[in-house]
Amino acid sequence: MIRMHNKYDLQNVEKFKINAHQWLQTLLAIAGDKVKKEEVVHMLAHQSGLPLQTAEMMFASTIRVLINDTRSN
């Protein structure tokens with residue numbers, strides 16, 4: 001299992017940074033597992049109050065953003 005470790009201080013949002021490579025690896029692994037992806041998208045929809053289709057779009061968009069971010073580094 002891949003863990004997404006990030007060091008952040010909620011009081012200092014300007015310095016908030018994630019490890020884009022780790023997050024991308026994890027999200028791609030989830031996206032490749034139909035059952036796990038469905039579980040994550042449902043959880044995202046439930047916790048955000050967004051429609052399922054919007055949550056699925058957010059999941060895919062996050063992957064695209066991380067791909068672009070990791071390519072530029």
Side-chain angles (χ1 to χ4, degrees):
M1 176 181 214
I2 299 171
R3 296 255 183 225
M4 297 182 289
H5 297 282
N6 300 291
K7 294 181 181 180
Y8 59 91
D9 176 5
L10 292 177
Q11 302 303 315
N12 194 358
V13 178
E14 293 81 28
K15 291 188 179 181
F16 177 82
K17 182 152 176 71
I18 66 167
N19 183 323
H21 290 281
Q22 274 188 333
W23 275 80
L24 179 58
Q25 281 183 318
T26 302
L27 293 178
L28 287 173
I30 292 169
D33 181 331
K34 187 177 179 178
V35 173
K36 186 60 79 175
K37 178 184 174 189
E38 187 174 318
E39 179 183 325
V40 169
V41 169
H42 278 274
M43 187 184 325
L44 177 60
H46 174 73
Q47 290 181 359
S48 66
L50 295 170
L52 196 56
Q53 187 176 9
T54 303
E56 194 163 344
M57 262 187 350
M58 283 179 60
F59 182 81
S61 295
T62 302
I63 290 173
R64 281 192 300 276
V65 166
L66 290 171
I67 286 172
N68 290 334
D69 186 52
T70 56
R71 280 186 185 159
S72 65
N73 289 332

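Start at 1 with the first residue, then count along the sequence.
A continuous path of Ile, Leu, Val, Met, Phe, Trp and Tyr side chains, each step under 4.5 Å between heavy atoms, connects I67 with I18, placing both in one hydrophobic cluster. A continuous path of ILVMFWY side-chain contacts below 4.5 Å connects L52 to I30, so both sit in one hydrophobic cluster.
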**OP:** Test D69 against L24 for side-chain contact (heavy atoms from CB on, under 4.5 Å), laying out the working first.
**Re:** CA-CA 10 Å; D69 186 52; L24 179 58; over 6 Å; no
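A distance of 12.5 Å separates CG of L27 from CZ of R64, quoted to the nearest 0.5 Å. A distance of 8.5 Å separates CG of N19 from CD of Q25, quoted to the nearest 0.5 Å.
Partners of A31 by side-chain contact (heavy atoms from CB on, under 4.5 Å), not counting sequence neighbours, listed by chain and number: F59, I63. Every residue two or more places apart in sequence or in another chain that forms a side-chain contact (heavy atoms from CB on, under 4.5 Å) with S48 is listed here: L50.
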Could you give the side-chain donor-acceptor pairs of residues 38-45 under 3.5 Å, partners two or more places apart or in another chain?
none

